[in-house]
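Below is one structure; the comments refer to it alone.
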2 protein chains.
Amino acid sequence: MDKKSPISIPLTEREESVTVTQWVYQTLRRAVMHGQILPGRALTIRELAKVLDVSPMPIREAIRQLSAENALEIQGNRRVMVPKMTAMKFNELCEARIALEPYAAARAMPYLNAAKIAELKALNTLGDQAMAQGNFEEISSLNQDFHRLLYSANPHQVTQPLIESLWLQLGPFMRLATSSLEEYYVVDRHDEAMQAIEKHDAIALQLAIKSDIREGIAFVSTPEALHNFIEQSNTSAR
Amino acid sequence: MDKKSPISIPLTEREESVTVTQWVYQTLRRAVMHGQILPGRALTIRELAKVLDVSPMPIREAIRQLSAENALEIQGNRRVMVPKMTAMKFNELCEARIALEPYAAARAMPYLNAAKIAELKALNTLGDQAMAQGNFEEISSLNQDFHRLLYSANPHQVTQPLIESLWLQLGPFMRLATSSLEEYYVVDRHDEAMQAIEKHDAIALQLAIKSDIREGIAFVSTPEALHNFIEQSNTSAR
DNA sequence: ATCGTTGAATTGTGATCACAATGCCTGTAG
DNA sequence: CTACAGGCATTGTGATCACAATTCAACGAT
C-alpha cells in the first residue's frame with residue numbers, strides 16, 4: 001500500500017489541557033527538527049492523521065502553521081514536504097543566523113540579572129556533561145536551550161520567532177549531516193559568552209555568539225564537504 | 001447586537017483558482033497591515049466568517065497562519081486580536097529591521113542585473129510621483145515594493161519572510177500613527193541606494209537602507225511623541 | 001520499448017455539526 | 001448600591017462529509 005518510504009514519528013503522551021492541534025504541531029515540529037521526516041518526502045494530511053491517530057483537522061492546522069514558519073513547504077500542486085537543502089540556501093541561512101543572533105544577544109544583555117546568569121551557567125554545565133558523554137542529541141538540544149534562554153531574557157524581544165524559523169530550516173539538514181559522521185568535534189564558545197556577559201561587554205558577547213555559530217557549522221565548511229552532505233541528504237529521500 | 005466596535009474590511013473580488021483560504025488570508029493580512037482592524041479588538045472566527053461571507057473553516061486556517069507570522073496574537077483565553085504596541089516593542093521592531101534589512105540588501109546586490117535595476121528605478125519614479133501628489137497610501141505601498149524587490153533579487157534569500165513579519169507587526173501602528181498627522185515629511189533614501197547599487201558599493205547600500213529605515217520612523221523619534229502615539233492608538237480600540 | 005491517454009483512487013478544500021469550555025448578563029442577597 | 005452566583009448564549013475545537021482537482025497506473029497506439 002505504501003509506495004513511499006514509511007515515516008515513523010516519535011509520539012509522546014498528550015497532556016490534558018493541551019489541544020490536539022497543539023500536540024500535533026509540537027510532534028511534527030520535533031520530527032522535522034530532528035530530521036525524522038526526510039526532505040522531499042511527500043506528506044499527505046490523511047497519512048499523517050493515521051500515523052498520529054487523530055482526525056485530519058488538527059493536521060491541517062499544524063501543517064499550515066509549520067509552513068508559515070518555513071518548516072514545511074507547500075508546493076503548488078497540493079504537495080507538502082520538508083524543503084530540500086541547497087548549498088546556497090545553507091549559506092544564506094547561516095549568514096542570516098549570524099546577522100540576527102549576535103544582535104539578539106546584545107539586546108538581551110541589559111536584562112541578564114544574576115538569576116538568569118545562574119540559569120545559563122547551569123545549562124552550560126549540563127552541556128559540558130553531555131559533551132563528556134558524547135551524547136550528541138543532548139548537546140544539540142542544550143545548545144539551543146542556551147541560545148534561546150539568552151535571547152529571551154529581553155522581555156520585549158521580537159526576534160526569537162525569526163530565529164526559531166531559521167533553526168527550523170537548518171535543523172533537519174544538520175541532523176542528517178552529523179548523523180553520517182562517526183564523530184564530530186563540538187565547539188563550545190559558551191564559556192566565552194558567559195565571561196563577556198559578566199563583564200557587560202556587548203561586543204565580546206556578539207563575537208562569542210558569532211564564533212559559536214560559525215564553528216558549529218565548520219564541519220561543512222569546505223564547499224566540497226557541503227556538496228557531499230547535500231547530495232547525500234537529498235538522495236536518501238528517494 | 002454588536003457591543004464591540006464594528007469592523008469593516010475592504011473586500012476584493014476573489015479570482016477563480018485562488019482558494020478561499022488564500023483569499024481570506026490576503027484580505028485579513030491587508031486589513032491588519034493597513035490598520036483597519038484596531039489593536040486589541042477581540043476577533044471571533046464566526047464574526048469574521050460573517051463579515052467575509054465564507055464558512056468558519058477558511059477563517060480558522062488564515063488566522064493560524066497570520067498568528068504564526070506574528071500578525072495576530074492568540075491569547076490563552078481563546079481570544080484573537082491584533083497585538084497592541086508598546087514603546088519598547090516598537091523600538092525592538094525597528095532595531096530588528098535595521099539588523100536585517102541592510103544585510104539582506106547587501107546579500108542581494110550581486111544578483112542585481114540591469115533588468116532588476118531598471119525595475120527598481122521604475123518603482124522609484126512611481127514613488128516620486130506619489131510623493132508629489134501627497135498620496136501617502138501609495139507612497140507607503142511603493143516603498144515596501146521597492147524594499148521587497150531589492151531583497152528578493154537574491155534567489156536564495158531566506159530573510160524575506162522574516163522581514164515581512166516585522167513589517168506586518170509595525171504596519172498597523174505606523175498607519176494609525178501617520179493617519180493622525182496632517183502631513184508628515186517622507187524621506188526617500190532610495191536614490192542614494194540606487195547610486196550605491198550602480199557603484200557596486202555594498203557598504204554604501206547598507207548605509208542608505210539603514211538611513212531610509214531610521215528616517216522613515218523619525219516622526220516618532222522622541223520618546224514623548226512615541227508615547228503619545230501609542231496611547232492614542234491603543235485607547236482608540238476601546 | 002516508449003510515449004501519450006484514460007479511468008480509478010486519492011487528495012486538499014470547504015461546509016456543517018456536536019460538544020465542552022468560556023464569557024456575559026441578569027437576578028438576588030447583603 | 002455593590003458583590004456574587006447562577007443560567008444562558010457564544011466560542012473554539014475537532015470530527016465527519018461531499019466534491020472537484022490531481023495523481024498515478026494500467027492500457028493502448030505508434
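Reckoned from all heavy atoms, side chains included, excluding hydrogens, waters and symmetry mates. A, B, ... follow the sequence lines: proteins, then strands. Residue 1 opens every chain.
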Would you indicate which nucleotide in C:dT16, C:dT11, D:dG12 comes nearest to any side-chain atom of A:Thr44?
C:dT11
For A:Ile209 and A:Pro102 the tightest heavy-atom approach is CG2-N, 4.0 Å
Tell me every residue that passes side-chain hydrogen bond (donor to acceptor under 3.5 Å, both in side chains) with A:Glu61, counting only those two or more places apart in sequence or in another chain.
B:Arg60, B:Arg64
Once salt bridge (charged side-chain N to carboxylate O under 4.0 Å, His left out) is applied, what residue pairs with a partner in residues 86-105 of chain B remain, sequence neighbours excluded?
A:Arg107-B:Glu92, B:Glu95-B:Arg214, B:Arg97-B:Glu101
Checking A:Glu119 now: which residues fulfil salt bridge (Lys or Arg N to Asp or Glu O under 4.0 Å) with it, not counting sequence neighbours?
none
Any N/O pairs under 3.5 Å between the protein and nucleotides 17-23 of chain C? List them or say none.
residue, atom, partner, partner atom, Å
C:dG23, OP1, B:Asn77, ND2, 3.3

Tell me, please, which residues at least two apart from B:Glu137 pass salt bridge (Lys or Arg N to Asp or Glu O under 4.0 Å).
B:Arg175
Near DNA chain C, under 4.0 Å by heavy atom, which residues of residues 7-15 of chain A?
none
Euclidean distance, atom CD of residue A:Glu73 to atom P of C:dG12 [Å, nearest integer]:
16 Å
Tell me, do A:Leu100 and B:Tyr103 make a side-chain contact under 4.5 Å, heavy atoms counted?
no
Can you list everything that forms a side-chain contact (heavy atoms from CB on, under 4.5 Å) with B:Glu13? Sequence neighbours excluded, please.
none
Among C:dT16, C:dG14, D:dG14, which nucleotide has an atom closest to any side-chain atom of B:Val20?
C:dG14
Go through the structure and list residues passing ring pair (Phe, Tyr, Trp, His ring centres under 6.0 Å) with B:Tyr151, not counting sequence neighbours.
B:His147
Applying salt bridge (charged side-chain N to carboxylate O under 4.0 Å, His left out), which residue pairs with at least one partner in residues 147-169 of chain B are found, sequence neighbours left out?
B:Arg29-B:Glu164, B:Asp145-B:Arg148, B:Arg148-B:Glu164
Flag side-chain contact, heavy atom, 4.5 Å: A:Asn143 against A:Leu123:
no
Per-helix bend value, the helix from C:dA1-D:dT30 to C:dG30-D:dC1, C1' rotation axes over five pairs per end, 10° rounding, shows 10°
Stretch residues 23-31 of chain B: residues that reach within less than 4.0 Å of DNA chain D through a heavy atom
none
Looking for any heavy atom pair under 4.0 Å, which part of the strands does B:Ile59 touch: base, sugar-phosphate only, or nothing?
nothing
Show every side-chain hydrogen bond (donor to acceptor under 3.5 Å, both in side chains) that has at least one partner inside residues 30-39 of chain A, sequence neighbours left out.
none
